[in-house]
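First the structure, in the form of structure tokens, and then the observations on it.
So that the names make sense, note that chain A is the first sequence line, chain B the second, and so on, each numbered from 1.
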Amino acid sequence: MKHDFINIEKKWQEKWEDAGIFHASEDHSKKKFYGLVEFPYPSGAGMHVGHIKAYSGLEVVSRKRRMQGYNVLFPIGFDAYGLPTENYAIKTNTHPRVVTDTNIANFTSQLKRVGFAFDWTRVVDTTEEGYYKWTQWIFRKMFDEGLVFRATTLVNYCPSCKVVLSNEDSQGGKCDICHSDIVQKSKDVWYLRITEYADKLLFGLDDVDYLPNVKLQQENWIGRSEGAFANFAIKGTDDSLRIYTTRPDTMFGVTFMVIAPEHPIIEKYAAQISNIDALNAYKEECAKKTEFERTQLVKDKTGVRIEGLTAINPANGKEIPIFISDYVMMGYGTGAIMAVPAHDERDYDFAKKFGIDIIEVIKGGNIEEAAYTGDGEMVNSEFLNGITTKKEAIAKMLEFLAGKGVGERGVQYKMKDWAFNRQRYWGEPIPIVHCPTCGMVGVPYEELPLRLPNMDQFEPGEGGESPLAKVESFVNCTCPKCGGAAKRETDTMPQWAGSSWYFLRYCDPHNENMLASKEALEYWLPVDWYNGGMEHVTRHMIYSRFWHHFLYDIGAVPTKEPYAKRTAQGLILGPDGDKMSKSKGNVVNPNDVVDEYGADVLRVYVLFMGEYGSATPWNDSSVRGVKRFLDRVAGLTDMAQGEGVTPKLESAFHKTVKKVSQDIEDMKFNTAIAAMMSLINDIYDAGTLTRDELGIFVRILCPFAPHICEEIWELLGHEGFASAAEWPAWDEAKTVDATVTYAVQVNGKLRATLDLPKDMDKDSAIAAAKQEPKVIQFTEGKTVGKEIFVPGKIINIVVK
RNA sequence: GCGGGUAUGGCGGAAUUGGUAGACGCGCUAGAUUCAGGUUCUAGUGAGGGUUCCUUCAUGAAGGUUCAAGUCCUUUUACCCGCACCA
């Protein structure tokens, strides 16, 4: 048979679609497998080979599961709200709905051309009313439960996109979407109280099977730290400065305090601060600094002493100065610290610069040279002196502080609450009404979805105002509570909203009464295996785990954790080894590969090119190598004859079935494919194989290259689809050869190889090895010491 | 700065977890087939030395443990990815 991929692939894609073999069954008595890939953002650029690699991994796993008899849910959808579409719509003066529909149609046809076994009856589109109704519903529930609040704060603002960004979206001081510099701006912000779920998100990681570095990144993101709060009295007032520290044991070493430039205490005592102008000047200077300047100047500490206010160290009653400095931030802890220059590098730098006392309280370092952050014996610390463990010192100090009523244990997180609103058109409207008498009122559930009004002009207002504010029929409404005139919230949700629960909708995508039926959720959840990019493990995954934990708490979902297992694929780099980008012109378009070589070649290549989890450059020549392999597979149809087994291929077949079966589970697709290539080399060497054997071969290859395998399966006279055929089994006994090749070493150096029966005992094997001429040559006239025998592997004779 | 990871032929990568380093693929060399080849087939292909066969060296670098190290330990270099003044 010739590998006529153009006709074969089209033919089988149509047959699969007609037969609906990839539709998940509603038969909830069968064992299930829910494989999830990150649904794409349907950009105008179309699909990227990276998408193909991302989906091919679980595609293979899911197809194998189906062949193993599982009821498989392997869905796809589109995360279609978002800025790129909106910006494109503005630029081309096309409605984002039209842009989105075009892009989704394009993605759909591209995905179908690759032959992915998605259940196309369950496609979700986050911009559809039937979907975003439930996104709004979840938000409303959070509003009811007090997890939504509004505050006026300094926010990360992108002057180019004209939109407020969460901390997650503005890492490194750059806008995640357009990479412009972020500025701080005072704004009304809707927050989701994700910090309330910090511990649940952290401890929930114990119950899931995520890649170790995925877990680590999430742990770091949540950033839990255990320490203590303490109050430092301000001399001559009833006030105190509350600090957070992880090192209460060092409190006798506190020689000054530092507070954030924005700390409210400054304003409160402005009248008695003699240098208030200098403080305000410093504060203004800090506000102007970009993120870049801040990070570049880490080592050069700046600050101003507050003249007129001093604090009292609660440990020893000593009076200490207070400074403001931008190395202390309002957003973490209490915005104030106790400074222990002897044992904290930042405090040390600051003390050196400002000539402040440095008092050693832990022995072990040289505080003339640098801060000492290690362990050691406590000194200069009154009741702590002599203690050598940090744990004991902390306990004693906390006891002391508690006795005085000025301190207690506490926990802090790096994670911040989630800034949830965007001043943009192409997003889910936030279902809240502002009533002059009732305040903020949720849009009644029965009025959901709150539809996004149709508009012609979607540019954000100059002051960063949402485009929806221009639609009077949308803005003006009546208060659901009192019936009086009210105004709707005009901001929309961030793109992360729709993607925070899409995997739930797949379980029951057409349900009009709830986000998904209880039965469907109980059957399908949790997602058995979720694969996606490393770039989504902190933001998307943390957000969606948060929503899921919340839904669990209100009884809307049956599992605490949404994803049982999480893996990640590595990037595909350009042929030049650089990250693919339009500007570098090194982007590979999957369509071109399908046109030239076929979908099967593309699929096999992206899995064969390297270790699935690492970044690998694209290589056109290697693609042709995969083409050659599949052409040779097609050629097997001319060779296959008869039934049963070919003796000299039998063990190779069992070994390959075993290797492919196991490697798929470990996502070692490259070695699985290599094993099949090896087998085909063996078959061509043998020059023969049976039709039964060819049937086995196409079934293990089917998840990787399904089109060609279906064609051969049909040619072999089978009814039904290879994709629905049974996954081949292997016989462990037949994976072991009757004889094994031993490496025979003298003093650890290979001197000969020897084929011996697999069960031969140590003495006979060593005796056989000693007959080898090469062994005799190297042992002659020497004293034999140890004789090492590793069954099935090695014989090593040690001589002197 | 802190945390994590990686380093193997000309290239992408294998290596049963301490047991014949370089599977598989690309590329390259030679030969055959073909009107032609970015076709197909056969053989070879880590490096050096003697040339049917041997032999020495070789997994970023330097030490160590072991009968045996790509794999374990110590030191070190380079690169990649997170986080970044987190108190």
Side-chain angles (χ1 to χ4, degrees), chain A residues 171-172 212-214 216-221 223-225 227-228 243-247 250 257-258 260 291 294-295 297-301 325-329 331-340 344-347 349-350 412-415 534-535 537-538 570-571 573 575 577 604-605 608-611 613-629 631-632 635 659 662 668 670-681 684 741-754 774 777 785-799:
Chain A
Q171 290 178 52
N213 54 338
V214 171
L216 191 74
Q217 278 198 29
Q218 294 199 8
E219 280 165 18
N220 290 343
W221 191 261
R224 181 188 159 97
S225 108
I243 59 100
Y244 175 74
T245 180
T246 53
R247 298 296 304 274
T250 62
M257 297 188 77
V258 186
E291 191 81 15
R294 278 200 163 202
T295 50
L297 299 169
V298 165
K299 281 190 183 118
D300 189 20
K301 294 282 180 289
S325 172
D326 63 354
Y327 85 90
V328 172
M329 284 152 302
Y332 184 79
T334 59
I337 62 158
M338 61 175 219
V340 186
D344 181 282
E345 284 166 26
R346 294 153 301 168
D347 298 346
D349 292 343
F350 194 88
Q412 281 294 302
Y413 303 92
K414 289 183 193 171
M415 188 166 68
M534 280 308 289
E535 69 276 20
V537 303
T538 44
L571 290 177
L573 306 174
V604 174
Y605 176 65
F608 179 65
M609 62 193 300
E611 204 189 341
S614 8
T616 311
W618 184 270
N619 183 318
D620 281 319
S621 305
S622 291
V623 177
R624 284 194 288 275
V626 169
K627 171 73 161 61
R628 224 165 278 159
F629 165 59
D631 288 348
R632 275 157 73 82
K659 174 119 183 99
Q662 294 180 341
K668 291 164 81 172
N670 54 337
T671 51
I673 293 163
M676 289 186 279
M677 288 174 166
S678 242
L679 178 59
I680 211 166
N681 291 344
Y684 272 89
T741 305
Y742 277 86
V744 180
Q745 303 178 334
V746 177
N747 286 349
K749 280 209 196 288
L750 182 71
R751 294 302 174 192
T753 57
L754 194 54
K774 298 293 301 178
Q777 182 191 326
K786 260 194 202 173
E787 292 168 334
I788 313 285
F789 175 74
V790 180
K793 283 174 184 156
I794 269 211
I795 296 162
N796 188 13
I797 294 164
V798 183
V799 295

Under the rule syn = chi within 90° of 0, otherwise anti, which is B:rU17? syn
Syn versus anti for B:rG49, judged by chi lying within 90° of 0? anti
What nucleic acid atoms does [X] come within less than 4.0 Å of, heavy atoms only: base, sugar-phosphate, or nothing?
| X | value |
| --- | --- |
| A:K774 | sugar-phosphate |
| A:V790 | base |
| A:K627 | nothing |
| A:T741 | base |

Of the listed nucleotides ([options]), which one gets closest to any side-chain atom of [X]?
| X | options | value |
| --- | --- | --- |
| A:Y332 | B:rC26, B:rU56, B:rC86 | B:rC86 |
| A:K749 | B:rC85, B:rC67, B:rC57 | B:rC57 |
| A:L216 | B:rC67, B:rA23, B:rG3 | B:rG3 |
| A:I337 | B:rG25, B:rA87, B:rG82 | B:rA87 |
| A:A743 | B:rA15, B:rG25, B:rU20 | B:rU20 |
| A:D326 | B:rG82, B:rG25, B:rC85 | B:rC85 |
| A:M329 | B:rG19, B:rG4, B:rC86 | B:rC86 |
| A:F608 | B:rG13, B:rC24, B:rU16 | B:rC24 |

To the nearest Å, give me how far apart [atom1] ([X]) and [atom2] ([N]) are.
| X | N | atom1 | atom2 | value |
| --- | --- | --- | --- | --- |
| A:K301 | B:rG1 | NZ | C1' | 10 Å |
| A:L573 | B:rC11 | CG | P | 16 Å |
| A:L750 | B:rG19 | CG | P | 15 Å |
| A:Y684 | B:rU40 | OH | P | 11 Å |
| A:D631 | B:rC41 | CG | P | 9 Å |

Given that both pair distances must be under 3.5 Å and the pair must be Watson-Crick or G-U, what runs of three or more consecutive pairs involve RNA chain B? B:1-7 with B:77-83, B:10-12 with B:24-26, B:27-32 with B:40-45, B:46-50 with B:53-57, B:60-64 with B:72-76
Quick one: on RNA chain B, does A:N213 or A:N796 contact a more 5' nucleotide (nearest heavy atom)? A:N213
Take A:A674 and A:R751, find for each the nucleotide of RNA chain B with the closest heavy atom, and name the residue whose nucleotide sits nearer the 5' end. A:A674
Considering only atom [atom1], compute the distance from [N] to [M] and round it to an integer number of Å.
| N | M | atom1 | answer |
| --- | --- | --- | --- |
| B:rC79 | B:rC24 | P | 35 Å |
| B:rC73 | B:rG22 | P | 25 Å |
| B:rA78 | B:rU17 | P | 35 Å |
| B:rU34 | B:rA23 | C1' | 32 Å |
| B:rC26 | B:rU77 | P | 40 Å |

Does OP1 or OP2 of [N] have a side-chain N or O of [X] closer than 4.0 Å?
| X | N | result |
| --- | --- | --- |
| A:S621 | B:rG25 | no |
| A:N681 | B:rG25 | yes |
| A:R346 | B:rC2 | no |
| A:K668 | B:rA15 | yes |
| A:K414 | B:rC86 | no |

Contacts of type ring-ring contact (aromatic ring centres under 6.0 Å, His included), residue A:F350, not counting sequence neighbours: A:F256, A:F323, A:Y327, A:F354
Residue list, ring-ring contact (aromatic ring centres under 6.0 Å, His included) with A:F629, at least two apart or on another chain: none
What is the minimum heavy-atom distance between A:G748 and A:N796, and which atoms define it? N-OD1, 3.0 Å
Looking at every heavy atom in both A:Q218 and A:V537, which two are closest together, and how far apart are they? NE2-O, 3.0 Å
Is there a side-chain contact between A:R247 and A:V340, using heavy atoms and a 4.5 Å cut-off? no
